[in-house]
Amino acid sequence: RPKLVLADEPTAALDQDATRNVVRLFKDMAEEHGTAILMVTHDHRIIELADRLVHMVDGRIVSDIVLNDQLRICEFLKGVEAFKNLTPLELTDVAERMTRRQFMPNEVIIREGDAGEELFLISEGEVEVDRAGREVARLGPGDFFGELSLMSGDPRNATVVATKPVDTYILGKDDFTAAIEASAGFREQLRRVYFARH
């Protein structure tokens with residue numbers, strides 16, 4: 001009944017049945033005895049069984065995701081117009097790149113004239129969009145903002161302020177660019193939104 005199991009590629013040379021047996025053993029240990037299992041693997045067959053996924057490249061952590069959060073982000077993204085046509089693989093890739101951030105009422109999220117570095121998706125709460133000191137829109141759950149500046153390279157054309165506590169999922173500029181390059185569907189949906197809002 002160990003408290004911790006360190007497993008280095010435990011299923012790498014196993015067929016599907018043997019892999020299932022190993023995974024079942026790990027799950028039983030975790031559920032029945034509270035054993036924590038730290039596994040290094042390249043085996044994508046078992047990744048969805050993990051509670052947390054830390055992705056390393058060249059010895060550096062490039063993402064650290066609690067998979068329940070990732071699944072929640074995927075479910076949320078499927079309901080957002082710009083993301084609804086992505087394949088499950090593309091959706092998961094975008095979700096892996098997103099971080100969660102909260103804002104308090106009256107907090108400025110983006111400021112008109114600043115450089116655009118992030119795309120924001122609202123999961124809960126509400127924001128006010130002001131342009132030249134006038135309210136032009138209110139956005140809520142399922143809405144997103146910040147894409148115009150990322151796509152055009154121009155400074156932000158509006159200020160966005162939280163009117164209530166706001167939970168957002170954020171995609172940074174490099175990850176936004178990578179997602180657009182990887183998915184023609186995502187790119188096309190964002191272009192439609194871009195021209196509708198411009």
Open item on the list: Considering only residues two or more places apart or on different chains, which pairs with a residue in residues 155-169 satisfy salt bridge (charged side-chain N to carboxylate O under 4.0 Å, His left out)?
Closed with: Arg100-Asp167
- [ ] State which residues pass side chain to side chain contact (heavy atoms under 4.5 Å, CB included) with Arg111; sequence neighbours excluded, sorted by chain then number.
- [x] Val108, Asp114, Thr159
- [ ] List in chain and number order the residues that pass salt bridge (Lys or Arg N to Asp or Glu O under 4.0 Å) with Glu126, two or more places apart in sequence or in another chain; answer none if no residue qualifies.
- [x] Arg138
Task: Residue pair Thr163, Val127: steps toward the side chain to side chain contact (heavy atoms under 4.5 Å, CB included) verdict - done: CA-CA 5 Å; Thr163 58; Val127 299; 5.7 Å; no
Task: Pairwise distance OG1(Thr11) to CG(Asn21) - rounded to 0.5 angstrom - done: 12.0 Å
Open item on the list: Taking salt bridge (charged side-chain N to carboxylate O under 4.0 Å, His left out) as the cut-off, I'd like each qualifying pair that reaches into residues 4-26, sequence neighbours left out, listed once.
Closed with: Asp17-Arg20
TODO: Locate the shortest heavy-atom distance separating Leu119 from Gly146; write the atom from each residue and the value.
DONE: CD1-C, 4.4 Å
Open item on the list: Taking the side chain as everything from C-beta on, heavy atoms only, tell me whether Arg131 gets closer than 4.5 Å to Asn157.
Closed with: yes
Open item on the list: I want to check something: taking the side chain as every heavy atom from C-beta on, are Val5 and Met29 in contact at a cut-off of under 4.5 Å?
Closed with: yes
Open item on the list: With a 3.5 Å distance limit and no angle check, can you tell me whether Thr168 reaches the backbone of Arg101 through a side-chain donor-acceptor pair?
Closed with: yes
TODO: Could I get the full list of salt bridge (Lys or Arg N to Asp or Glu O under 4.0 Å) partners for Asp175, not counting sequence neighbours?
DONE: Arg97
Open item on the list: Taking transitive links into account, so neighbours of neighbours count too, which hydrophobic residues share a cluster with Leu38 at under 4.5 Å side-chain distance?
Closed with: Leu4, Leu6
Task: Leu150 side, atom CG; Phe176 side, atom CZ - distance, nearest 0.5 Å - done: 5.0 Å
Open item on the list: Any heavy-atom pair between the side chains of Ser123 and Pro141 that's under 4.5 Å?
Closed with: no
Task: Residue pairs involving residues 117-139 (criterion ring-ring contact (aromatic ring centres under 6.0 Å, His included); sequence neighbours excluded) - done: Phe120-Phe145
Task: Validation row: Val129, Leu139 side chains within 4.5 angstrom (heavy atoms) - done: yes
Task: Residue pairs, two or more places apart or on separate chains, that pass ring-ring contact (aromatic ring centres under 6.0 Å, His included) and touch residues 90-112 - done: none
Open item on the list: Rounded to the nearest 0.5 Å, what separates atom OG in Ser149 from atom CD in Glu118?
Closed with: 11.5 Å
Open item on the list: Suppose clustering is done on Ile, Leu, Val, Met, Phe, Trp and Tyr with side-chain heavy atoms closer than 4.5 Å. Which residues sit in the same group as Met104?
Closed with: none
- [ ] Please tell me if the side chains of Met39 and Pro10 come closer than 4.5 Å, counting only heavy atoms from C-beta onward.
- [x] yes
TODO: Would you kindly confirm whether Val136 and Val160 end up in one hydrophobic cluster when ILVMFWY residues are joined by side chain heavy atoms under 4.5 Å apart?
DONE: yes
Open item on the list: Looking at Glu112 and Ala132, would you say the former's side chain and the latter's main chain have a donor-acceptor pair under 3.5 Å?
Closed with: yes
